[in-house]
Amino acid sequence: MASPKTALVLGAGAARGAYEAGVVAWLREEFEPGLGRRLPLDIVAGTSVGAIHACFLAATMERPEVQGRVLIAQWESMRVESVLRASFGDIWRVLRESLGKPSRGNRNDVRVGGLVDPAGLRALVGGQIPWTQIGRNLRNGRLDALAVSATHVGSGRTRVFVQRRGGGLPSWSVDPQLEGVATRIGPNHALASAAIPVIFPPVRLRGELHADGALRMSVPLSPALRLGAQRVAVISPSPRRDAIDATRGEHEAVYGSAAYLAGKILGALLMDRTDQDLARLEQLNGLLEAGAREYGPDFLTRIHRALGDGRSSPLHYVRTLLLRPSADLGALAAEYVQSGEFRRADGLAHLAIHKLVEREAPGQADLASFMLFDRGFASRLIELGRKDAALRAADWTRFFSDAPQCAAEEATLEHQRGRLGELQAV
């Protein structure tokens, strides 16, 4: 029996995404060699910066041993002035638009609605990902599917762009706010998914504007499940609640600056709902576990028979693992900018970051932490990602084990064996 399909799901966070690179590097360079076998990653799904990482992983799946090293090298080569290519003209344009005075230009102007020139991010996405290799890796069986989510500006719906082996879409959600689109994924899909409102401009896909996928889905767990994942590892750059200073709320009355509020609003827009999604999944897992213990390993087969063979999304147990930063990334950003390592420069981007940190509450640089595409900050997040992943080594070992972890997982395998037998008999 083949190993359960495993998905790696990568969340949103803009410059905070360097944390994901650290986790991937630890998995590929330290955990995998110790395990003695290649880690199966059948499905990769991402939103925002996680979408860029997901595309990179899908495009380099034939060389997993270099993935961590290349990701880290890319993050540690970043300079904030190269990615955040803002000008005074950009700032004036956004101010005019916010006052109801749209910029002059045609409908294909990709910079409409963004503070920052996307040229730096576009060069990063276009130059470091071998896009045509995604299709080859799918055809050669190194990968089952890649999913990238973005927000359709006109309707507010989440569009999940899917490229998978064999083409087409699996059975999809009945949720009208979640639309699946089978396509060949390219640079514009990644750029659209990472287009944080106000900071980066929206991107046109098939003539329609799309923005950051995290506005509606900060972590694309649902698409991974729809694509058949039975094991889901989620890496989210949103810190654990216990990592954030409990006294932060005390600053609200005193530090109600525009920068402080913008950081909080952006954090709210990109709100990570992973805990709620995983809680619902664990409720279903618990129900399946209770049934399997009470009625035996053929429980799921009997349930599916009772529900009817026409069910589009079969019930099954899903093994999960969630990894988040153990430190407050807003505080890390403030410490980095004020340490002197992030030196003042002639560039507008450096000046803007310093001003943002000065205007946020002491020790809180939430807004800046999303915009700090700079090697010093990236290095700190990479090391945090490595450390957090290593502390969970035992959990990763259990996650990648092929042995069933509970009665419900055994029932899932029993049902799959039965279905395979039926198909072979046809």
* Asked: Backbone N or O of Ala190 within a donor-acceptor pair of the Ser193 side chain at under 3.5 Å?
  -> no

query: Under 3.5 Å, is there a donor-acceptor pair between the Arg204 and His210 side chains?
result: no

Query raised in the report: Where the side chain of Gln163 meets the backbone of Ile134, is there a donor-acceptor pair that is under 3.5 Å apart?
Result: no

Note to self: I'd like to know whether Gln283 forms a side-chain hydrogen bond (donor to acceptor under 3.5 Å, both in side chains) with Arg280, so could you lay out the CA-CA distance, the side-chain angles of the two residues, the decisive distance to 0.1 Å, and finally the verdict.
What the structure shows: CA-CA 5 Å; Gln283 283 183 328; Arg280 286 193 292 270; over 6 Å; no

Quick test of your reading of the model: are Glu65 and Arg28 salt-bridged, counting only N-O distances below 4.0 Å?
no

Sorted by chain and number, sequence neighbours left out, salt bridge (Lys or Arg N to Asp or Glu O under 4.0 Å) with Glu29 holds for Arg386

Practice task
For residues Val234 and Val232, determine if any side-chain heavy atom of one lies less than 4.5 Å from a side-chain heavy atom of the other.
Solution key: yes

Of all heavy-atom pairs linking Ala195 and Pro202, the shortest is CB-CA, 4.1 Å

Applying salt bridge (Lys or Arg N to Asp or Glu O under 4.0 Å) to Arg375 and not counting sequence neighbours gives none

Problem set entry | Side-chain ion pair, Asp144 and Arg165, N-O less than 4.0 Å | yes

For Arg380, the salt bridge (Lys or Arg N to Asp or Glu O under 4.0 Å) test, sequence neighbours excluded, returns Glu335, Glu341

Between the CG atom in Leu146 and the SG atom in Cys55, the distance rounded to the nearest 0.5 Å is 5.0 Å

The side-chain contact (heavy atoms from CB on, under 4.5 Å) partners of Ala408 (sequence neighbours excluded) come to Leu288, Glu289, Tyr317, Cys406

Residues at least two apart in sequence or cross-chain that pass salt bridge (Lys or Arg N to Asp or Glu O under 4.0 Å) with Asp402, listed by chain then number, are Arg231

Below 3.5 Å, can you tabulate the donor-acceptor pairs from side chains in residues 56-64 to any protein atom, sequence neighbours excluded?
from: Thr60; atom 1: OG1; to: Phe56; atom 2: O; distance (Å): 2.8
from: Thr60; atom 1: OG1; to: Gln67; atom 2: NE2; distance (Å): 3.0
from: Glu62; atom 1: OE1; to: Asn137; atom 2: ND2; distance (Å): 3.1

Look at the aromatic rings of Phe399 and Trp396 and report parallel, tilted or perpendicular, splitting at 30° and 60°.
perpendicular

Note to self: Does the plane of the ring in Trp75 sit parallel, tilted or perpendicular to the ring in Phe373? Use 30° and 60° as the thresholds.
What the structure shows: parallel

**Study point:** Worked check of side-chain hydrogen bond (donor to acceptor under 3.5 Å, both in side chains) between Thr47 and Ser149
**Key:** CA-CA 5 Å; Thr47 293; Ser149 60; 2.5 Å; yes

Heavy-atom closest pair (Leu372 atom, Ala333 atom, distance to 0.1 Å) is CD1-CB, 3.8 Å

